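Start at 1 and go down the list; that is how both ligands and their atoms are numbered. All of these numbers come straight from a predicted model, not from anything done at the bench.
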Amino acid sequence: VTRAVRVELADRAYDIRIGPGLIDRAGAELAPLAGRRRLVPVADETVARLHLPALQASLAAAGLNVSDPLTVPAGEGAKGFDVLEGLLDRLLGLGIDRQTILVALGGGVVGDLVGFAAAVALRGLDFVQVPTTLLAQVDSSVGGKTGINTRHGKNLVGAFHQPVLVLADTGVLDTLPRREVLAGYAEVVKYGLLGDAAFFAWLEANGADVVAGSAEARAEAVAVSCRRKAGIVARDERETGERALLNLGHTFGHALEAAAGFDGRLLHGEAVAIGMVQAFRLSVRLGLCPPADADRVEAHLRALGLPVRPRDRGLSFPVDLLLSHMAKDKKVRDGRMVFVLSRGIGRAFVATDVDPADVAAVLAETA
Ligand SMILES: NC(=O)c1ccc[n+]([C@@H]2O[C@H](COP(=O)([O-])OP(=O)(O)OC[C@H]3O[C@@H](n4cnc5c(N)ncnc54)[C@H](O)[C@@H]3O)[C@@H](O)[C@H]2O)c1
Ligand SMILES: [Zn+2]
């Protein structure tokens, strides 16, 4: 069965459909939206090899107007000005018009890149997300943040541009390497920790099935995650308030990723797993959160095979280096570091008044 989550954004509201087999049914799913409009699929080379033929076959079988697909290199390197320029050049070379719909088939990299291309090509095209990583299905394909990286940092050039439809085919996760599944799972856990204690308890019981590949458990975890994110995005699309809760674990996590040099030793979700543990430890240190809740968070992530300390990945960073990365984070407000802290599982809030000495102490104790 297909689950559906609606993202309520007035005239830009859209559906996220979730379940196995959606790529095989993509033609039928897209037909009402597409009509005779031209569809241009874009995938990274890895995903193109694995899943593009099924998408093309489905769109063709529905009689839709589909261009030859475009591909970009796999990996974070594709989120740059050079690849964006090449993609826009090829799109314009196809003779696209304002009615053209881009179809982003891939992980967060393809979603962010193609979404940004859709935001700027001809001042804005519709685009459809067909996310193929767990991370993309529960996080990056929902909410309309698109963009690319620059030499000054990740995601520093971009636009808010909502998709018109998201098709999250949970069956494609079967080809995703286990390490990537786990990294996406960290973001699933995040939704429980930030505002849904019952979901976290469900994950304690069912998380191993989600990771191991149970179709039902995966679809349920993706659906609850999307519902959580969709609710937050609908209430605060531009991140002036509540949306910041989605950064739980990310102030620490981004510092760890930056310190590791984005070289693949630490995936984003792995950094977020460590960062969520650190955020809970910081909350305990500040007397806000019961220690038992922090222990539960750590135990669950560890049980599923996620790192909960840098040393679990053989990494070790000087506290000063991590603090300096935090001070440069995009989320710094008026020179103050922003942390998502917790009063317990499911009870996160944003704090801007944390003493750096407490942060340093937590970094040292969780090295
Ligand atoms: N826009 C947002 O709100 C948002 C939120 C979170 C993360 N992001 C961005 O998402 C990106 C990370 O996304 P990601 O983790 O999906 O990385 P990714 O897109 O690079 O995918 C990871 C790897 O898995 C491969 N892959 C994808 N689907 C596969 C499948 N079904 N089977 C086998 N291999 C597959 C890809 O080719 C790639 O090598 C980052 O750039 C991050 O900044 C954006
Ligand atoms: Zn994240």
Discussion item. Check this for me - ligand 1, His268, N or O atoms closer than 3.5 angstrom, yes or no?
Written reply: no
Practice prompt. Could you tell me the residue and atom name of the protein heavy atom closest to atom 23 (C) of ligand 1, and the distance to it rounded to 0.1 Å?
Written response: Glu180 OE2, 3.9 Å
Worksheet item: Sequence neighbours excluded, which residues qualify as side-chain hydrogen bond (donor to acceptor under 3.5 Å, both in side chains) partners of Tyr185?
Response: His300
Worksheet entry | Closer than 4.0 Å: a protein non-hydrogen atom to atom 25 (C) of ligand 1 | no
Worksheet item: Of all the non-hydrogen atoms in the protein, which one sits nearest to atom 33 (C) of ligand 1, and at what distance?
Response: Thr175 O, 3.1 Å
Item to complete: Could you list the atoms of ligand 1 found under 4.0 angstrom from a heavy atom of Val47?
Response: 26 (N), 27 (C), 28 (N), 29 (C)
Worksheet entry | Heteroatom test (N, O or S) for Asp139 near the Zn ion (ligand 2), limit 2.8 Å | no
Practice prompt. Please indicate whether any nitrogen or oxygen in Val172 is less than 3.5 Å from any nitrogen or oxygen in ligand 1.
Written response: yes
Discussion item. Give me the residue, atom name and distance of the protein heavy atom closest to atom 40 (C) of ligand 1.
Written reply: Glu76 OE1, 3.4 Å
Fill in: With sequence neighbours excluded, residues passing side chain to side chain contact (heavy atoms under 4.5 Å, CB included) with Gln162
Leu9, Arg12, Tyr14, Val233, Glu237
Discussion item. For the Zn ion (ligand 2), give me the closest N/O/S atom belonging to Glu187, just the atom name.
Written reply: OE2
Worksheet item: Can you find an N/O atom of Thr146 closer than 3.5 Å to an N/O atom of ligand 1?
Response: no
Discussion item. Is there a polar contact, in the sense of an N or O pair closer than 3.5 Å, between Val142 and ligand 1?
Written reply: no
Practice prompt. In plain terms, say whether Arg347 and Asp196 are close enough for a salt bridge, that is, a side-chain N and a carboxylate O under 4.0 Å apart.
Written response: no
Worksheet item: Which of the atoms in ligand 1, numbered in the order shown and given with their element, are less than 4.0 Å from a heavy-atom of Ala74?
Response: 37 (O)
Worksheet item: Around atom CG of Asp68, are there more than 12 heavy atoms of other residues, nucleotides or ligands at under 6.0 Å?
Response: no
Discussion item. Between ligand 1 and His51, can you find any atom pair, the residue atom being a heavy atom, that is separated by under 4.0 Å?
Written reply: yes
Response to the item:
If you scan protein heavy atoms around atom 15 (O) of ligand 1, the nearest is Leu135 CD2, 3.8 Å
Response to the item:
Looking only at protein heavy atoms, what sits closest to atom 38 (C) of ligand 1 is Asp44 OD2, 4.3 Å
Response to the item:
Ser140 heavy atoms within 4.0 Å reach ligand 1 at atoms 1 (N), 2 (C), 3 (O), 4 (C), 5 (C), 6 (C), 7 (C), 8 (N), 44 (C)
Fill in: Proximal candidate to atom 18 (P) of ligand 1 [heavy atom criterion; set Asp174, Val109, Ile23, Asp169]
Val109
Worksheet item: If you round to the nearest 0.5 Å, how far is CD of Gln278 from OG of Ser283?
Response: 11.5 Å
Practice prompt. Output the list of atoms in ligand 1 that are nearer than 4.0 Å to some heavy atom of Lys229, sorted by atom number.
Written response: 3 (O)
Item to complete: Note the single closest protein heavy atom to atom 10 (O) of ligand 1, along with its residue, its atom name and the distance in Å.
Response: Gly108 CA, 3.3 Å
Fill in: Protein contact of atom 35 (C) of ligand 1 - nearest heavy atom, named by residue and atom, plus distance
Leu176 CD1, 3.5 Å
Worksheet entry | For the Zn ion (ligand 2): the N/O/S atom of His250 at shortest distance | NE2
Item to complete: Around atom 6 (C) of ligand 1, find the nearest protein heavy atom and jot down its residue, atom name and distance.
Response: Asp139 OD2, 3.5 Å
